[in-house]
There are 2 protein chains.
Amino acid sequence: MDNNIADIYSLLQEIAWYFGDHGLGGECCADLSFVEFMALKKAYENKDSSIQDIGNALNFTKSGSTRIIDRLENKGYIIRERSALDARVCCVPVTIKGTEVMKSVLDERNRELNEILKDLDSEMIEQIKDVLDILVTAIQRHETI
Amino acid sequence: MDNNIADIYSLLQEIAWYFGDHGLGGECCADLSFVEFMALKKAYENKDSSIQDIGNALNFTKSGSTRIIDRLENKGYIIRERSALDARVCCVPVTIKGTEVMKSVLDERNRELNEILKDLDSEMIEQIKDVLDILVTAIQRHETI
DNA sequence: AATAATAGTTGATGTGGTCAACTATTATTT
DNA sequence: AAATAATAGTTGACCACATCAACTATTATT
């Protein structure tokens, strides 16, 4: 059904709006923009990622990556460390403060999402998770081709 | 299950990234940014919407709304028209060119989404649509409270 | 040892948004 | 009906954030 595809695309756009930079009343995540939050998340998930690793994961140029890291470092959420293996590379471990802000943002957002979904039964929640999983997996497979 | 909520949130973020301003290799929609596309879409869906209607729908300030409309008008996708009922209000009908670009972007994006989902059977597609529908409805209900 | 490649930084620049002050029009008050 | 308030939109000054191109520093290749 081609019409389902169009509907799905439109729904995904709404979700992208709401959970992206613009929704949530413009307030994303403590003192972080959505982009900064995603960068911090990447740094957190992938211990020992370099500056460009993060930039690549987020579709940024080299200089864009540098500048995101600048902001996160200025806010005290990560630190730059030259790699011992290759002094050209900067590793950007997340600081304790960074971990804390991540966790508190996630807590806050999860509480909000819980509120949004509170009228749905747990079976439906499960189904939502499964479906989104399939969707994101399909997207990621498509991206890496 | 609280853990499901956290998973769902994380998945929604991925979707927001991919379908928002950043994913799609930075290229959103012809010569439109994601924001511009959403504004055009609002103008298209809601015939006779004013500049602020669009701004409100997208969480922008008055001046931000003006500037988005500037850009869309400069690109020839909408035109400003003073309302006959209230000369303070600007209506922003979508031009033919605007409708065409909308349609071609949607075509293109739907084709891409179709590609992403091509390995899923039609039952699953149906399920994805239903689940996203429930999700977006829940979000919208929550927003208007 | 010379050259190329890679990681990251920086200055100039462009885009895209906000705030505050403005104009023009309509609604309300006395 | 004149004065005042409210509303829609615009504009200038400004700030946040990304890019490009040119740069430094380090490592790999010839």
Side-chain angles (χ1 to χ4, degrees), chain A residues 17 20-40 42-43 46 48-75 77-93, chain B residues 17 20-40 42-43 46 48-75 77-93:
Chain A
W17 192 264
D21 241 330
H22 309 282
L24 307 160
E27 281 310 308
C28 164
C29 327
D31 62 345
L32 295 169
S33 70
F34 182 52
V35 170
E36 287 163 3
F37 180 78
M38 290 297 278
L40 186 57
K42 296 291 174 193
N46 202 337
D48 298 325
S49 42
S50 71
I51 292 182
Q52 288 206 56
D53 287 341
I54 293 176
N56 290 338
L58 302 180
N59 273 325
F60 281 106
T61 60
K62 268 197 312 178
S63 46
S65 314
T66 290
R67 300 213 144 116
I68 290 178
I69 299 301
D70 283 346
R71 272 137 57 199
L72 290 176
E73 195 175 27
N74 287 337
K75 289 173 182 170
Y77 297 151
I78 60 169
I79 47 173
R80 276 176 167 87
E81 269 176 8
R82 286 284 162 185
S83 163
L85 299 169
D86 184 337
R88 289 170 300 185
V89 177
C90 272
C91 295
V92 284
Chain B
W17 192 263
D21 240 330
H22 309 282
L24 306 161
E27 282 310 308
C28 164
C29 327
D31 62 347
L32 295 169
S33 71
F34 181 52
V35 170
E36 287 163 2
F37 180 77
M38 289 298 278
L40 185 58
K42 296 290 174 194
N46 202 337
D48 299 325
S49 43
S50 71
I51 292 182
Q52 288 206 56
D53 287 341
I54 294 176
N56 290 338
L58 303 180
N59 273 325
F60 281 108
T61 60
K62 269 198 310 179
S63 45
S65 314
T66 291
R67 301 219 142 112
I68 290 178
I69 299 301
D70 283 345
R71 273 138 56 198
L72 290 175
E73 193 175 29
N74 287 337
K75 289 172 183 170
Y77 297 149
I78 60 169
I79 47 173
R80 276 176 168 86
E81 270 176 7
R82 287 282 163 185
S83 162
L85 299 170
D86 184 336
R88 289 171 299 185
V89 177
C90 271
C91 295
V92 284

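Chain letters run A, B, ... following the sequence lines, proteins first, then strands; residues in each count from 1. Keep in mind it's a predicted model, so treat the numbers as computed, not measured.
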*Please work out if B/S50 contacts a base, only the sugar-phosphate, or nothing of the nucleic acid, heavy-atom cut-off 4.0 Å.*
sugar-phosphate

*Verify salt bridge (charged side-chain N to carboxylate O under 4.0 Å, His left out) between B/D31 and B/R71, making sure each step is shown before the conclusion.*
CA-CA 11 Å; B/D31 62 347; B/R71 273 138 56 198; over 6 Å; no

*Find out whether B/V92 and B/E73 are in side-chain contact, i.e. whether some heavy atom of one side chain is under 4.5 Å from a heavy atom of the other.*
no

*Reckon B/I69 touches a base, only the sugar-phosphate, or nothing at all at heavy-atom distances under 4.0 Å?*
nothing

_Rounded distance (Å) that lies between atom P of C/dG16 and atom CZ of B/F60_ = 11 Å

*Starting at the 5' end of DNA chain D and moving along, which residue's nearest nucleotide shows up first, B/C91 or A/V35?*
B/C91

_Can you confirm whether A/C90 sits close enough to A/R82 that some side-chain heavy atom of one is under 4.5 Å from a side-chain heavy atom of the other?_
yes

*Does A/N46 reach the side chain of A/I54, with side-chain heavy atoms less than 4.5 Å apart?*
no

*asked:* Looking at every non-hydrogen atom in both residues, tell me the closest pair between A/S49 and A/A43 and how far apart they are.
replied: OG-CA, 3.8 Å

*First locate atom CD1 of A/I69, then atom OG of A/S50, and finally report the distance between them rounded to the nearest 0.5 Å.*
9.0 Å

_Considering all heavy atoms, the nearest A/W17-B/L58 contact_ = CZ2-O, 3.4 Å

*Start and end of the DNA chain D segment that chain B contacts, any atom under 4.0 Å from a heavy atom*: D/dA6 to D/dA13

*Taking CD1 from B/I51 and P from C/dG17, how many angstroms apart are they, rounded to a whole number?*
14 Å

*Touch class at under 4.0 angstrom, heavy-atom based, for A/T61 against every strand present*: sugar-phosphate

*Parallel, tilted or perpendicular: which describes the rings of A/F60 and B/H22, with under 30° parallel and over 60° perpendicular?*
tilted

*Using whole Å, report how far CZ of B/R71 lies from P of C/dT15.*
10 Å

*Atom CG of B/L72 to atom P of C/dT15: distance rounded to whole Å?*
15 Å

*Can you tell me the distance, in whole Å, between the CG atom of B/N74 and the C1' atom of C/dG16?*
14 Å

*Please figure out whether B/K62 or A/S83 has its closest DNA chain D nucleotide nearer the 5' end.*
B/K62

_With heavy-atom distances below 4.5 Å as the criterion, would you say the side chains of B/L32 and B/L72 are in contact?_
yes

*Runs of at least three Watson-Crick or G-U pairs with DNA chain D, cut-off 3.5 Å*: C:1-30 with D:1-30

*Quick one: A/H22 NE2 to C/dT18 P, roughly how many Å, whole number?*
10 Å

